[in-house]
Amino acid sequence: AQLAAAVPVPVSADLENGFADDPAGVAATVEAAAATPLQGCSIEDRGPGGVYPIDLAVERVAAAAKAAAGRLVLTARAEAFLLPDPDLADVVTRLQRFAEVGADVVYAPGLTRPADIATVVTEVDRPVNVLLRPGTPTVAELADLGVARISVGGAFAFAGLGALATAARELLGGGPYTFWADASAGAQLARRAFG
């Protein structure tokens, strides 16, 4: 709620597995999210015990869609491509069923092959989100494939932490201090953003 209220752009929250295994618990989480200034949320088909059986996964998305209806854009996630040995046909079937029960956007994080991405875009009647990862097509290539939305996950934050660690190693190691160029650019951005 604080994040969504603090910025002038729409914010979508990653609600993990809805912090519940059962559909009622997922609905309660989405209801709570809908009471905030959020504009969207996502629900995964994987919990602590692994990927949910397809019928339960669909029931969970249906409960989330009912709770989100008219208040939040619901993204339903099929997580198999983040695990070993993903099955594209199963992922497509899950995303199709998630769309049928009310998901506004579908998302199979971990897809990197253009052919797999094109299959999902073609086979599922909803906007498709793709997670940028090493080996994923470029933003322009994803647009050409019909992808409607992209995510970077924590990559930008991790890039910032990586730059911080590099600067700290340079400082502790006695140089060279190559971080000054990035520090100067960052200071200019901060001044523009915060005055």
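Values below: all heavy atoms of this structure, side chains included; hydrogens, waters and symmetry mates excluded. We count residues from 1, following the sequence as given. Treat the numbers as computed from the prediction; the structure is a model and nothing was measured.
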Trainee: Looking at every non-hydrogen atom in both residues, tell me the closest pair between Val91 and Ala80 and how far apart they are.
Mentor: CG2-CB, 3.6 Å
Trainee: Any donor-acceptor pair under 3.5 Å linking the side-chain atoms of Thr75 with those of Asp104?
Mentor: no
Trainee: Of all the heavy-atom pairs spanning Val26 and Asn17, show the shortest one and how long it is.
Mentor: CG2-O, 3.7 Å
Trainee: When you compare the side chain of Arg94 with that of Ile54, does any pair of heavy atoms fall below 4.5 Å?
Mentor: yes
Trainee: Decide if atom CZ of Phe19 counts as having more than 12 heavy atoms of other residues, nucleotides or ligands within a radius under 6.0 Å.
Mentor: yes
Trainee: Please, which pairs that meet side chain to side chain donor-acceptor pair (under 3.5 Å) have at least one residue in residues 61-71, sequence neighbours excluded?
Mentor: Glu31-Arg71
Trainee: Are the side chain of Thr136 and the backbone of Thr112 linked by a donor-acceptor contact shorter than 3.5 Å?
Mentor: no
Trainee: Can you give me the closest heavy-atom contact between Tyr107 and Ser151, atom names plus distance?
Mentor: OH-CB, 3.5 Å
Trainee: Which donor-acceptor pairs under 3.5 Å do side chains of residues 177-195 form with protein atoms, sequence neighbours excluded?
Mentor:
{"unit_1": "Thr178", "atom_1": "OG1", "unit_2": "Glu170", "atom_2": "OE1", "d": "3.2"}
{"unit_1": "Thr178", "atom_1": "OG1", "unit_2": "Glu170", "atom_2": "OE2", "d": "2.3"}

Trainee: Calculate, to the nearest 0.5 Å, the distance between atoms CZ and CG belonging to Phe81 and Asp90 respectively.
Mentor: 9.5 Å
Trainee: Does Val130 belong to the same Ile/Leu/Val/Met/Phe/Trp/Tyr cluster as Leu82, with side-chain heavy atoms less than 4.5 Å apart forming each link?
Mentor: no
Trainee: Just so I know, are the side chains of Pro127 and Arg149 near enough to count as touching, which here means a heavy-atom distance under 4.5 Å?
Mentor: no
Trainee: Please step through side chain to side chain contact (heavy atoms under 4.5 Å, CB included) for the pair Gln39 and Val73, ending with a clear verdict.
Mentor: CA-CA 6 Å; Gln39 298 296 306; Val73 173; 5.9 Å; no
Trainee: Transitively linked via ILVMFWY side-chain contacts under 4.5 Å: Val30 with Leu56?
Mentor: no
Trainee: Yes or no on side chain to side chain contact (heavy atoms under 4.5 Å, CB included) for Asp22 and Glu59, after CA distance, side-chain angles and deciding distance?
Mentor: CA-CA 9 Å; Asp22 62 298; Glu59 288 175 30; over 6 Å; no
Trainee: Which distance, rounded to the nearest 0.5 Å, do you find between the OG1 of Thr166 and the CG of Leu161?
Mentor: 10.5 Å
Trainee: Using 0.5 Å steps for rounding, measure from the CG atom of Leu15 to the CD1 atom of Ile43.
Mentor: 5.0 Å
Trainee: Measure the CG-OG1 distance between Leu145 and Thr119 for me, rounded to the nearest 0.5 Å.
Mentor: 10.0 Å
Trainee: Between Leu72 and Leu38, which heavy-atom pair has the shortest distance, and what is it?
Mentor: CD2-O, 3.3 Å
Trainee: Of all the heavy-atom pairs spanning Ala67 and Ala34, show the shortest one and how long it is.
Mentor: O-CB, 4.5 Å
Trainee: Taking the six-membered ring of Tyr52, is the NZ or CZ of Arg60 close enough (under 6.0 Å from the centre) and on axis enough (within 45°)?
Mentor: yes
Trainee: Is it possible for you to say whether Val139 and Val9 belong to one hydrophobic cluster, with membership spreading through side-chain heavy-atom contacts below 4.5 Å?
Mentor: yes
Trainee: Calculate, to the nearest 0.5 Å, the distance between atoms CG and CG belonging to Asp125 and Leu95 respectively.
Mentor: 12.5 Å
Trainee: Quick one: does any side-chain atom of Asp14 pair with a main-chain N or O of Cys41 as donor and acceptor, under 3.5 Å?
Mentor: no
Trainee: Quick check on the hydrophobic clustering: are Leu131 and Leu74 connected, directly or via other members, by side-chain heavy-atom contacts under 4.5 Å?
Mentor: no
Trainee: Would you check if Val147 and Glu141 make a side-chain contact, meaning some heavy-atom pair closer than 4.5 Å?
Mentor: no
Trainee: How long is the gap from CZ on Arg77 to CZ on Arg46, to the nearest 0.5 Å?
Mentor: 8.0 Å
Trainee: In the single-linkage hydrophobic clustering (I, L, V, M, F, W, Y; side-chain heavy atoms under 4.5 Å), do Val11 and Ile150 co-cluster?
Mentor: yes
Trainee: Can you find a pair of side-chain heavy atoms, one from Thr29 and one from Glu16, that are under 4.5 Å apart?
Mentor: no
Trainee: To check you understand the geometry: which heavy-atom pair defines the closest contact between Pro137 and Leu132, and what is its length?
Mentor: O-CD2, 3.7 Å
Trainee: Counting distance only, does the side-chain N/O of Gln96 pair as donor-acceptor with the main-chain N or O of Glu123 below 3.5 Å?
Mentor: yes
